[in-house]
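Worth saying up front: this structure is predicted, and the values here are computed from it rather than measured. What's counted below: heavy atoms across the whole structure, side chains too, no hydrogens, waters or symmetry copies.
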Amino acid sequence: MRLTILGSGTNVHPKRAAAGYLVRTDQVLLLDFGPRTLVNLMKTGVDRHRITHVLFSHFHADHFSDFITFFFDAVIHSKLVGPRPDLTIIGPRGTARLFRMVFTTFPSFDSPRFRVKIKEVADRGFLIGETRITPGTVLHVPGLHCVGYRIEHRGKTLAYSGDSQYCENLVRLCREADVAVLDCSFPANRPGPGHMHAGDCGRLARDAGLDRLILSHFYPIAERFDVRRQAGRYFRGTILMGKDLLSVTV
């Protein structure tokens, strides 16, 4: 399994693309699709017109907005260049309603020459090829269903928090994962609402028995402090600072 970070920042971060992650197993999967991540996907050399599954943690714009450009490009490609495989969109409750609105509102979105399947998930695992995906409901903001994902392939496990506060569901989702990418929006000394800070990430990595921890989803204020050291006060394993286009073998 190989993970490439397409975006390690937030919405309009001056140095980083927003949330997006490319995972390669026997499949090529995208986890979230925030602004500026499409350009970084193209830099990886992966053919975007062969991608068949996009998984969303939730639909705040910093995790979603580049899908609009990606899909319009896919529609034009299918009409003017050549065929592409069918596309499956996976996400939390509300995914079907949102995408029905997108596909019926944006010009030309209602006539792709490939099929689009929408799957809403909560806390039940499923297979994509040989890859097992386990979504898990996490706590981000009131009134919005958000999920993290656990991805297992050939004895290796990657966990992704999406946007989340520290919660027991996320600890379970990350349990004994080889690598976990966690929402480290803030430094421990300057916490903010709806997200983890560096100390939370370290505690969760310790409590879940992780092997490696990747801190990501940085707000600009997190750049002003040593968040890696702050997480290391709780977790003695390997801690990496996420950055755009960082690629890690799981």
Is it possible for you to check whether Arg84 lies under 6.0 Å from the centre of the six-membered ring of Phe114, through NZ or CZ, and within 45° of that ring's axis?
yes
Test: Lys15 cationic atom under 6.0 Å from Phe218 six-membered ring centre, within 45° of axis
no
Taking the side chain as C-beta and beyond, is there a heavy-atom pair between [X] and [Y] under 4.5 Å?
X	Y	answer
Ile151	Arg132	no
Cys174	Leu210	yes
Lys119	Val121	yes
Ile214	Leu182	no
Phe235	Leu204	no
Asp47	Val28	no

Please list, one pair per line, the donor and acceptor atoms closer than 3.5 Å that link side chains of residues 18-26 to other protein atoms, with sequence neighbours excluded.
from: Tyr21; atom 1: OH; to: Ser216; atom 2: OG; distance (Å): 2.7
from: Arg24; atom 1: NH2; to: Thr4; atom 2: OG1; distance (Å): 2.9
from: Thr25; atom 1: OG1; to: Gln27; atom 2: N; distance (Å): 3.0
from: Thr25; atom 1: OG1; to: Thr131; atom 2: OG1; distance (Å): 2.6
from: Asp26; atom 1: OD1; to: Thr131; atom 2: OG1; distance (Å): 2.6
from: Asp26; atom 1: OD1; to: His153; atom 2: NE2; distance (Å): 3.4
from: Asp26; atom 1: OD2; to: Glu130; atom 2: N; distance (Å): 2.8

What orientation do His63 and His58 show, parallel under 30°, tilted 30 to 60°, or perpendicular over 60°?
tilted
Any idea which heavy atoms bring [X] and [Y] closest together, and the distance?
X	Y	answer
Pro35	Asp66	CA-OD1, 3.6 Å
Gly242	Ile5	CA-CD1, 3.8 Å
Gln230	Ala198	OE1-CB, 3.5 Å
Thr10	Arg36	O-NH2, 3.5 Å
Leu213	Ala205	CD2-CB, 3.9 Å
Ile239	Arg228	O-NE, 2.8 Å

Determine, using ring centers only, whether [Y] and [X] are less than 6.0 Å apart.
X	Y	answer
Phe33	Phe70	yes
His195	Tyr219	yes
Tyr160	Tyr149	no

For Asp244 and Ser8, does a side-chain donor sit closer than 3.5 Å to a side-chain acceptor?
yes
Assess the side chains of Ser164 and Asp183: does a donor N or O sit below 3.5 Å from an acceptor N or O?
no
Between Asp73 and Arg48, does any NZ, NE, NH1 or NH2 come within less than 4.0 Å of an OD or OE carboxylate oxygen?
yes
Stepwise side chain to side chain contact (heavy atoms under 4.5 Å, CB included) check, Lys117 with Asp86:
CA-CA 8 Å; Lys117 180 180 179 181; Asp86 297 337; over 6 Å; no
Let me confirm one number: the [atom1]-[atom2] distance from [X] to [Y], rounded to the nearest 0.5 Å.
X	Y	atom1	atom2	result
Glu223	Arg16	CD	CZ	4.0 Å
Met42	Leu6	CE	CG	12.5 Å
Ile90	His53	CD1	NE2	5.0 Å
Thr44	Leu41	OG1	CG	5.0 Å

Please list all pairs passing the salt bridge (charged side-chain N to carboxylate O under 4.0 Å, His left out) test where one or both residues lie in residues 194-205, with sequence neighbours left out.
Asp200-Arg203
So for atom CZ, which belongs to Arg190, do other residues, nucleotides or ligands contribute more than 12 heavy atoms lying within a distance under 6.0 Å?
no
Would you sort out whether Phe71 and Leu87 count as a side chain to side chain contact (heavy atoms under 4.5 Å, CB included), showing the intermediate values?
CA-CA 10 Å; Phe71 191 79; Leu87 180 67; 4.0 Å; yes
Not counting sequence neighbours, which residues clear side chain to side chain donor-acceptor pair (under 3.5 Å) with Lys79? List them please.
Ser111
Without placing hydrogens or testing angles, list every side-chain donor-acceptor pair under 3.5 Å for residues 97-109, not counting sequence neighbours.
from: Thr104; atom 1: OG1; to: Arg100; atom 2: O; distance (Å): 2.8
from: Thr104; atom 1: OG1; to: Met101; atom 2: O; distance (Å): 3.3
from: Thr105; atom 1: OG1; to: Met101; atom 2: O; distance (Å): 2.7

What verdict does the side chain to side chain contact (heavy atoms under 4.5 Å, CB included) test give for Leu29 and Ile128, after you've listed the backbone C-alpha separation in whole Å, the side-chain angles of each residue and the deciding distance to 0.1 Å?
CA-CA 10 Å; Leu29 310 171; Ile128 303 175; 4.1 Å; yes
Pairs flagged by side chain to side chain donor-acceptor pair (under 3.5 Å) wherever residues 165-176 is involved - sequence neighbours left out
Tyr166-Asp207, Asn169-Arg172
Among His145, His60, His217, exactly one meets ring pair (Phe, Tyr, Trp, His ring centres under 6.0 Å) together with His140. Which residue is that?
His60
Tell me whether Glu152 contacts the main-chain N or O of Ile133 through its side chain, where contact means a donor paired with an acceptor under 3.5 Å.
no
Applying ring pair (Phe, Tyr, Trp, His ring centres under 6.0 Å), name anything that partners Phe225, two or more places apart in sequence or on another chain.
none
